[in-house]
2 protein chains.
Amino acid sequence: MSAVPARVVAMPLRTVNGSQPYLRAVTRRAAACSTCKSMAFCLACGGATDPAAVDALVTQRVRLHKGESLVRSGDTFTGLFAVRSGSCKSVVTTPGGQEQIAGYHIAGDILGAEAIYTHAHDCTVTALEDSEFCVLPFERMEALARHSAEFQHKFNALLSREIGRERRVMLMLGTMRAEQRLAAFLLDLADRYHARGYSSSEFVLRMTREEIGSHLGLKLETVSRLFSRFHQEGLIQVQGRDVKLLDRVALTQLVDATLQ
Amino acid sequence: MSAVPARVVAMPLRTVNGSQPYLRAVTRRAAACSTCKSMAFCLACGGATDPAAVDALVTQRVRLHKGESLVRSGDTFTGLFAVRSGSCKSVVTTPGGQEQIAGYHIAGDILGAEAIYTHAHDCTVTALEDSEFCVLPFERMEALARHSAEFQHKFNALLSREIGRERRVMLMLGTMRAEQRLAAFLLDLADRYHARGYSSSEFVLRMTREEIGSHLGLKLETVSRLFSRFHQEGLIQVQGRDVKLLDRVALTQLVDATLQ
DNA sequence: CGTAAGTTTGACTTACATCAAGTTTTGTGG
DNA sequence: CCACAAAACTTGATGTAAGTCAAACTTACG
């Protein structure tokens with residue numbers, strides 16, 4: 001499943017990235033935050049005092065099929081994106097062509113902040129299942145932030161949260177052993193699903209073993225072996241992509257254990 | 001050299017973190033950006049239209065001796081810090097007590113952005129040599145951003161730059177082999193010194209082999225062996241902490257080379 | 001000037017990668 | 001809905017990059 005550009009369909013089509021019209025836009029009205037299931041935890045509008053102002057922020061909504069890309073590395077930055085439903089991965093590439101999955105995003109997550117500074121996205125965002133995204137033009141965000149101290153603060157917090165998230169991944173990659181990385185990954189995933197009202201112990205992985213490995217700095221065989229081992233040891237129950245956490249305490253201890 | 005709190009000295013003392021007065025503040029006037037050598041590349045004020053407004057941002061300056069800490073993990077967030085001179089390391093700790101150096105900062109760098117979201121710093125910042133820092137209270141930054149669209153934009157760019165920087169470290173830790181990590185580290189360091197007007201090929205490392213290893217996800221012995229090998233191969237010249245890059249092209253090729 | 005911290009180098013170990021073969025799942029067109 | 005190909009996954013055997021342990025050497029510092 002390599003990243004394929006979404007085919008263009010007839011609709012109120014507005015391209016997000018100027019020249020390449022590989023996104024299907026849906027109607028303006030449909031994008032309203034007020035009708036969004038993810039409203040509560042989406043930092044673009046969560047708890048906003050003035051919903052109308054935030055509604056005006058979202059200029060369009062984009063639907064992507066599994067495998068289609070929202071942005072490509074190198075695309076000119078025009079704004080951020082919010083995951084409205086579904087999930088996606090952010091893939092960064094080394095100069096040498098090595099790929100790594102920098103992040104795995106679900107409903108309510110905001111994408112693209114790394115591009116504010118350089119004015120160019122440095123990762124390719126690809127849908128892991130049929131998904132919807134909201135487009136948040138940056139000038140509008142800046143204008144709203146100037147207007148509303150509350151939104152300004154929220155926007156700063158959003159960027160800060162991203163820094164913290166990446167720092168945790170960095171810490172994982174720099175200090176943890178394979179089993180600790182996978183345990184930490186599963187626990188983090190469970191927490192994030194929980195925050196969105198889903199089960200915190202039972203979920204479906206949207207990524208392949210290879211994609212999980214790419215995110216954790218491991219090879220797919222290692223990931224597969226670890227799933228099998230965790231299953232044997234009674235820590236989790238795995239059947240393909242269906243995962244059920246059976247012993248959170250043991251998983252947490254595993255993550256926290258200092259590699260003697 | 002473990003992190004030691006700075007001893008408190010008599011001076012116009014104002015504590016940065018409420019209860020713990022482990023920082024020595026220097027006079028208000030001395031903190032002015034207009035007299036700062038790092039002005040050009042410090043994102044707090046670089047290229048600002050209204051220097052007076054930015055000057056008002058910096059409420060105090062802090063001097064630290066080698067080994068003293070600016071903030072500790074868990075400290076309440078009150079604002080950001082700018083490195084005025086010298087250098088420091090940001091150390092994050094896993095729940096299990098494992099440490100990693102998340103970043104190495106020199107003059108002009110801004111620290112502490114990860115804490116905006118949680119209101120608590122998640123790393124301990126320790127001076128690697130005698131250094132000076134500017135204290136930037138967050139409310140003042142927010143106020144100035146509301147006042148000046150230019151500063152607002154610069155502030156967002158600052159946070160975004162940090163996200164990009166961490167993503168590059170993540171990519172390094174997730175995909176590169178030991179020799180590639182060290183080569184990338186040296187090249188990055190050279191670039192940053194160059195941007196600040198220092199030699200881009202000759203510099204003094206302020207970190208120990210162990211600290212470099214901690215930042216790169218390697219052990220000190222591995223770092224030491226690699227330095228020796230790079231030296232033998234004519235890529236660099238090393239004598240303790242004095243480093244001279246001899247073959248940037250080869251180093252770059254090494255980083256870009258796809259593994260195997 | 002002496003002790004502690006930092007560094008180098010060697011011998012050995014290990015966690016994870018690589019290679020390889022077989023199995024299961026997914027997706028597509030007849 | 002079934003058949004069949006491609007993709008994804010599992011498991012085993014073997015290789016290797018980097019870690020660990022250890023000892024000697026060098027540099028920094030009170």
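Lettering follows sequence order; numbering is per chain, from 1. Side chains are part of it too, since the values below use all heavy atoms of this structure and drop only hydrogens, waters and symmetry mates.
The nucleotide whose nearest atom lies closest to any side-chain atom of A:Glu221 is, among C:dA17, D:dT20, C:dT18, C:dT18. Considering only side-chain atoms of B:Arg225, the nucleotide from C:dT7, C:dA15, C:dT9 that sits closest is C:dT9.
Dashed line: the shortest gap from a side-chain N or O of A:Ser228 to OP1 or OP2 of D:dT11 is under 4.0 Å. Residue B:Gln239 has a polar side-chain atom (N or O) positioned under 4.0 Å from OP1 or OP2 of D:dT27. Using a 4.0 Å cut-off, some side-chain N or O of A:Thr222 falls inside it from OP1 or OP2 of C:dA17. Of the side-chain N and O atoms in B:Lys219, none sit less than 4.0 angstrom from OP1 or OP2 of D:dC21.
Taken from CG in A:Leu226 to CZ in A:Arg177, the straight-line distance is 10.0 Å, to the nearest 0.5 Å.
Under the 4.0 Å criterion applied to side-chain N and carboxylate O atoms, A:Glu68 and A:Arg63 are not assigned as salt-bridge partners.
In this structure a side-chain-to-backbone donor-acceptor pair under 3.5 Å is present from B:Arg181 to B:Met176.
Residue contacts shown for A:Gly213 are absent, as no nucleic acid heavy atom lies under 4.0 Å away. Counting any heavy atom pair closer than 4.0 Å across all strands shown, B:Leu220 reaches a base atom. Contacts of A:Glu179 with the nucleic acid, taken as non-hydrogen atoms under 4.0 Å apart, are absent. If you check every strand for non-hydrogen atoms under 4.0 Å, A:Ser224 touches a base.
With hydrogens and angles left out, the side chain of A:Arg241 and the base of C:dT24 share no donor-acceptor pair within 3.5 Å.
When each of A:Ala178 and A:Gly240 is assigned the nucleotide of DNA chain C bearing its nearest heavy atom, the one mapping closer to the 5' terminus is A:Ala178.
Using cut-offs of 30° and 60° for the angle between ring planes, the A:Tyr198 and A:Tyr193 rings count as perpendicular.
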